[in-house]
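Inspection log for the structure reproduced underneath, given as structure tokens.
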Amino acid sequence: MGFYFLIVDDEVQIRRGIEQGIPWKDHGVTRVFTAEDPVEGLALLREQKIHILITDIRMPGMTGLEFAKKAKEIQEEIRVI
């Protein structure tokens, strides 16, 4: 079984850079999801089992720390970077 990753960042270049710049399959990652804001990220967390979350700290509407807390409420076992 592989891992599912979620990248949440409001800057498209950062999001794409992380998504495309890492050889995910070499690290056992089966799928990488991306979201441009915390609202989209929370919707994905309700639909998919995410193992690891990478989030920006400064985003409009909700900080990455607030988002990480909400993510943990939805999926207790998620790891946050």
Side-chain angles (χ1 to χ4, degrees):
M1 181 187 136
F3 294 98
Y4 282 14
F5 246 76
L6 172 59
I7 301 163
V8 181
D9 196 306
D10 59 314
E11 295 184 42
V12 68
Q13 290 177 318
I14 301 296
R15 218 172 39 246
R16 283 192 185 146
I18 296 170
E19 179 185 20
Q20 297 172 2
I22 296 172
W24 295 106
K25 290 196 187 299
D26 292 352
H27 302 287
V29 176
T30 307
R31 183 136 185 225
V32 177
F33 296 91
T34 62
E36 66 181 56
D37 59 48
V39 173
E40 186 180 353
L42 290 172
L44 278 165
L45 285 167
R46 289 184 183 99
E47 297 171 7
Q48 300 289 332
K49 172 66 176 161
I50 303 295
H51 299 94
I52 301 173
L53 164 67
I54 296 176
T55 184
D56 189 7
I57 295 295
R58 294 186 183 159
M59 294 182 287
M62 182 185 307
T63 70
L65 297 175
E66 293 167 329
F67 174 68
K69 183 178 179 181
K70 289 181 183 275
K72 285 273 199 186
E73 290 172 3
I74 296 169
Q75 296 189 29
E76 290 179 8
E77 300 298 319
I78 196 168
R79 302 289 185 202
V80 180
I81 298 172

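One is the number of the first residue; the rest follow in order along the sequence.
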(Q) Please enumerate all residues that pass side chain to side chain contact (heavy atoms under 4.5 Å, CB included) together with R31, with sequence neighbours excluded. (A) Y4, F33
Q: Please round to the nearest 0.5 Å and tell me the distance separating atom CG of L45 and atom CD1 of I78.
A: 5.0 Å
Q) What is the distance from atom CD1 of I52 to atom CD1 of I7, rounded to the nearest 0.5 Å? A) 11.0 Å
Q: Find the distance between CG (L44) and CG (L53) and round it off to the nearest 0.5 Å.
A: 10.5 Å
Q: Report yes or no: do M59 and I54 belong to one cluster of Ile/Leu/Val/Met/Phe/Trp/Tyr joined by side chain heavy-atom distances under 4.5 Å?
A: no
Q: Might you point out which heavy atoms bring P38 and P60 nearest each other, and give the distance in Å?
A: CD-O, 4.4 Å
Q. Among the clusters formed by ILVMFWY side chains lying less than 4.5 Å apart, do V32 and I50 turn up in the same one?
A. no
Q: Spell out, as yes or no, whether a donor-acceptor pair under 3.5 Å connects the side chain of Q75 to the backbone of Q48.
A: yes
Q) Measuring from R15:CZ to T34:OG1, what's the distance to the nearest 0.5 Å? A) 5.5 Å
(Q) For residues M62 and I74: do they belong to one hydrophobic cluster (side chain heavy atoms under 4.5 Å, members Ile, Leu, Val, Met, Phe, Trp, Tyr)? (A) yes
Q: Could you list the residues that satisfy ring pair (Phe, Tyr, Trp, His ring centres under 6.0 Å) with F67, not counting sequence neighbours?
A: none
Q. Could you walk me through whether R46 and L42 pass the side-chain contact (heavy atoms from CB on, under 4.5 Å) check?
A. CA-CA 6 Å; R46 289 184 183 99; L42 290 172; 3.6 Å; yes
Q | Spacing of CG belonging to D10 relative to CD belonging to E40, to within rounding of 0.5 Å | A | 11.5 Å
Q: Calculate, to the nearest 0.5 Å, the distance between atoms CD and CD belonging to E11 and E36 respectively.
A: 12.0 Å
**Q.** Set of side chain to side chain contact (heavy atoms under 4.5 Å, CB included) partners for K25, sequence neighbours left out
**A.** none
Q.
If hydrophobic clusters are built from ILVMFWY residues whose side chains come within less than 4.5 Å, do I18 and V29 share one?
A. yes
**Q.** Residue Q20 excluded, over 12 heavy atoms near CD under 6.0 Å
**A.** yes
Q: Show your reasoning for whether side-chain contact (heavy atoms from CB on, under 4.5 Å) applies to D56 and V8.
A: CA-CA 6 Å; D56 189 7; V8 181; over 6 Å; no
Q. Under the criterion side-chain contact (heavy atoms from CB on, under 4.5 Å), which of I57, T55, V80 is the partner of L65?
A. I57
